[in-house]
Amino acid sequence: MARRGHDTRIEPSFDGPAPKRGGGGLSLSEDDRVVPSPKRAKKPSKPAREPAKRGRSRSRRGFGMVGSLVYWSLVLALWGGIGLAGIVAFYGARMPSAITWTVPDRPPNVKIMSADDRLLANRGMTGGEALSLSEMSPYIPQALIAIEDRRFRSHFGIDPLGLGRAVVTNLMQGRLVQGGSTVTQQLAKNLFLKPERTLERKVQEVLLAFWLEHEYTKDQILEMYLNRVYFGSGAYGVEAASRRYFGKSAREVTLSEAALLAGLLKAPSRLSPARDPKAAEARAQVVLAAMSEEGMIGQKELAFAMSAPATRAASYWTGSENYVADRIMEELPGLVGEIQTDVIVDTTVDLTLQKLAEDSIRKLIEENGQKLQVSQGALVSIDNSGAVRAMVGGADYANSQFDRASEARRQPGSAFKPFVYLAALEAGRTPDSIRNDAPVKIGKWTPDNYKGKYLGRVTLTEALAKSLNSVSAQLVMEVGPASVVEVAQRLGIESKLQANTSIALGTSEVTPLELTAAFVPFANGGYRPEVHFISRVTDIDGKVLYQYQADAAPRVVKPQIIGMMNRMMTETLAIGTARKAAFGWPAAGKTGTSQQSRDAWFVGYTSNLTTGVWFGNDDGKPTKNITGGSLPSIAWKTFMEAAHEGVPVRQLPGIDLYTPTSPPVSGEEPVAGATTMPIVRPTANVGDKAAPEMAGGFNPRPETAPRGDKVSSINRPVPPGEVGGAPVRREKSILDVILGN
């Protein structure tokens, strides 16, 4: 090794001592060196000035710093890319193979149609049918793209520019104020993933977005999204949302309405016009401004849409037809099984009649609710085939979805009396049979007439028309409570009935639907049809999944007896408690009022429709003296008068089969303002007999003949053996007990 300050340098050699400079041995010359010897390298000349040297050093150092930054940035980017690829590969490996990916079926929708081919309601997870993009209002997809994904038509599933903008905005605001997800990513999340904020879910969302973009067109992606996304207030899909908020199809949505729908997607529950109409409108204006910026609408369209008033929606689905829809959804699985695809249900309900029924109930509640302390009403209308033509389950579906028409059991009061009188007629009485309307004591029970007024001797026709409680109680004692129960169940009452004497006044609870159905045999001549709401169910391809088959309805009452009952109950509207219900058509029916006016009823019928009306309170609170002859009769008339407009008049069945044998006994109707006539007031104890039959030469002794026997020589009307089940021996009358017969 060379010593410091020595002029010569010892070069390395292979074997012997180093040769002298210039020798011919194997050695390395200066030119062979990679780095020249410092002693022989040319020394650089000194710069002219020292400051210039320092400037160049700073420049080199600055360039080196920038270069280092670029270098390390590239290194970090490379490693970041490798790490990201690893994460994507890891989470992607946890997903099923892409060849097995399929878009899940949209939850099935049940489209419920009226008998006049109008939409009643949609039911199912989505609450609306799926529409193609071409069927929707063109403003809807435009508004969605403008506010949610402006580069939807050009990106490949993710939008790097939109994502970068969202990151910058969120950093500047210091909080999450803007998302970078595309419509495709949102669809992927809604279709396949759970709403979790995790890295794994985000990676899977991106991969699925790439797959969707590869497998489907932009229009298909947009269509799937709009038919599935949540719009708030229980509405999934644009059709459900449009009907929920605007009461019309998405086919008919205007520009301002489309902007409102698109604006909901930011926060569906908070911005719902059913919750905050002003917030929904403010967001809609942001959407309109975005559409204008994108050149989708002009200034005139923008100004007009901006001036549209805020949309206000009910807090819940409204319209009484929803009571029908709920009932149909309960019955549907039993008819077609599990619903796995979109279906169309054709119903028996006439939407025009449904709206008439709803208006008749709602108007009376609004006008009289506070004054008469009544808050609810229900109406059911059934035709002679058993098809339900209208059903209103309450005053306002938006406020209460409980169906009082088919689910609420209430005491029918005197509206139950037709079954008592029918049992008496089948046991041998006639409409002209006489009873003494006077206080009656049965054990510890003393049934009183309305306001304690009694009429003395009356025919059964007059007693039924004027709803005399004492006469009804006498008839129950004569025919037996079990006979009354059997008659009521034979005609259609399905609720459990208590076979006791108080059944004379309708103390066993029933629903408006079943009570109305039990009156249908009076209207159709004695037949009991199957009550039904659904006529047909098909899928969207037209395949019939269910078809109602009207089997022959069994006869449950003889024609002659039907004629007698119709003769008797027409008097209810002529001289009795339901005079407010008369409207010019041949009609009959019966009012009913439970204790303390808790329930008020009128069930009436023509040869065309049978309709029952109930008013009361859900908590059973007494109303302020409402009777079946007041609000129920008025609502019934309002509905039936409109329902029969233009319909040819027809007489009630069986009327011509019976002719009264004596004029009715005059008496005073127990209504408000009436005066009391002098009457005999005998008191009948348990087991005592009422006055014997006086009209038509009727002999009470043959009444011991079993029900179901042939008509006797006195032409006493008795139902045939096949009516009402096996023959049973009728109980003795009160007079038989007194006379010892």
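Between the side chain of Asn617 and the backbone N or O of Gln373 there is at least one donor-acceptor pair closer than 3.5 Å. Judged by distance alone, the side chain of Thr623 and the main-chain N or O of Leu372 form no donor-acceptor pair under 3.5 Å. Side-chain atoms of Ser502 do not come within 3.5 Å of backbone N or O of Thr507 as any donor-acceptor pair. Counting only distance, with no hydrogens or angles, the side chain of Tyr421 and the backbone of Met568 share no donor-acceptor pair below 3.5 Å. Between the side chain of Gln354 and the main chain of Met391, a donor-acceptor pair closer than 3.5 Å is present. Not one N or O on the side chain of Ser535 forms a donor-acceptor pair closer than 3.5 Å with the backbone of Thr348. Remark: side-chain polar atoms of Asp276 are not paired, donor with acceptor, to backbone N or O of Arg270 under 3.5 angstrom. Between the Thr516 side chain and the Pro512 main chain, a donor and an acceptor come within less than 3.5 Å of each other. Panel note: side chain Arg404, backbone Ala378; no donor-acceptor pair is recorded below 3.5 Å. Distance alone, capped at 3.5 Å, is enough to place a donor-acceptor pair between the Arg567 side chain and the Ile655 backbone.
Side-chain contact between Gln401 and Asn322 is absent, with no heavy atoms from C-beta onward closer than 4.5 Å. Within the 4.5 Å cutoff, no side-chain heavy atoms of Arg579 are placed close to those of Ser633. Between Thr638 and Leu356 the shortest side-chain heavy-atom distance does not fall below 4.5 Å. Side-chain atoms of His644 and Phe583, non-hydrogen and from C-beta on, do get closer than 4.5 Å to each other. Inter-residue side-chain proximity for Trp601 and Ser594 is flagged as unmet; no heavy-atom pair is nearer than 4.5 Å. By the 4.5 Å heavy-atom criterion applied to side chains, Tyr236 and Met125 are not counted as neighbours. At a threshold of 4.5 Å between non-hydrogen side-chain atoms, the residues Leu264 and Pro273 count as touching. For the pair Ser414/Asn469, a side-chain contact is recorded, criterion being any heavy-atom separation below 4.5 Å from C-beta on.
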Glu321 and Val349: CA distance, side-chain angles, deciding distance, side-chain contact (heavy atoms from CB on, under 4.5 Å) verdict: CA-CA 9 Å; Glu321 63 272 14; Val349 171; over 6 Å; no
With side chain to side chain donor-acceptor pair (under 3.5 Å) as the criterion, how do Asn608 and Thr606 come out once you've worked through the C-alpha distance, each side chain's angles and the decisive distance to 0.1 Å? CA-CA 5 Å; Asn608 188 43; Thr606 65; 5.0 Å; no
Residues Glu514, Ser495; criterion side chain to side chain donor-acceptor pair (under 3.5 Å); working and verdict: CA-CA 8 Å; Glu514 65 180 325; Ser495 295; 2.3 Å; yes
Trace of the side-chain contact (heavy atoms from CB on, under 4.5 Å) decision for Phe522 with Leu422: CA-CA 10 Å; Phe522 298 130; Leu422 177 57; 4.2 Å; yes
For side-chain contact (heavy atoms from CB on, under 4.5 Å), just list the numbers for Lys590 and Ser467, CA-CA rounded to whole Å, side-chain angles, deciding distance to a tenth of an Å, and then say yes or no. CA-CA 8 Å; Lys590 186 69 190 76; Ser467 199; 3.0 Å; yes
Going through the checks in order, is the side-chain contact (heavy atoms from CB on, under 4.5 Å) test met by Leu497 and Phe416? CA-CA 11 Å; Leu497 302 175; Phe416 193 84; 4.1 Å; yes
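Salt bridge status for Glu358 with Arg362: present, with a side-chain N to carboxylate O gap under 4.0 Å. Between Asp541 and Lys543, none of the side-chain N atoms (NZ, or NE/NH1/NH2) sits under 4.0 Å from a carboxylate O, so this pair counts as no salt bridge. The residues Lys111 and Asp342 are annotated as not salt-bridged, no charged nitrogen and carboxylate oxygen being separated by less than 4.0 angstrom. Between Glu571 and Lys466, none of the side-chain N atoms (NZ, or NE/NH1/NH2) sits under 4.0 Å from a carboxylate O, so this pair counts as no salt bridge.
For Ala587 against Leu652, the heavy-atom pair with the smallest separation is C-CD1, 3.9 Å. In terms of heavy atoms, Phe602 sits closest to Ala581 at CE2-CB, 3.7 Å.
Taking CD from Glu530 and CD from Gln549, the interatomic distance works out to 11.0 Å, rounded to the nearest 0.5 Å. Expressed to the nearest 0.5 Å, how far CD1 of Ile365 lies from CG of Asn368 amounts to 8.0 Å. A distance of 4.0 Å separates CZ in Arg490 from CD in Glu426, rounded to the nearest 0.5 Å. Atom CG of Leu491 is separated from atom CZ of Arg528 by 8.0 Å, given to the nearest 0.5 angstrom.
Exactly one of Ile339, Asp326, Asn109 qualifies for a side chain to side chain contact (heavy atoms under 4.5 Å, CB included) with Arg123. That residue is Asp326. Results of the side chain to side chain donor-acceptor pair (under 3.5 Å) test with Tyr605 over Thr611, Asn524, Asn566 single out Asn566 as the only residue that passes. For the side chain to side chain contact (heavy atoms under 4.5 Å, CB included) criterion with Ser242, the lone passing option out of Lys248, Glu252, Arg251 is Lys248.
Other residues, nucleotides and ligands place more than 12 heavy atoms under 6.0 Å from the CZ atom of Arg118. Counting heavy atoms of neighbouring residues, nucleotides and ligands inside a 6.0 Å radius, atom CD of Gln595 does not exceed 12 of them. The local environment of CD in Gln651 is crowded, with over 12 non-hydrogen atoms from other residues, nucleotides or ligands closer than 6.0 Å.
Between Tyr548 and His532, the two ring planes are parallel [angle under 30°; tilted spans 30° to 60°].
Residues Ser233 and Ser272 have side chains that bring a donor and an acceptor to within less than 3.5 angstrom of each other. A donor and an acceptor atom, one from each side chain of Ser360 and Lys637, are nowhere located under 3.5 Å apart. A side-chain N or O of Glu239 and one of Ser249 form a donor-acceptor pair less than 3.5 Å apart. Side-chain atoms of Asp116 and Ser114 form a donor-acceptor pair, as typed in the model, at a separation below 3.5 Å.
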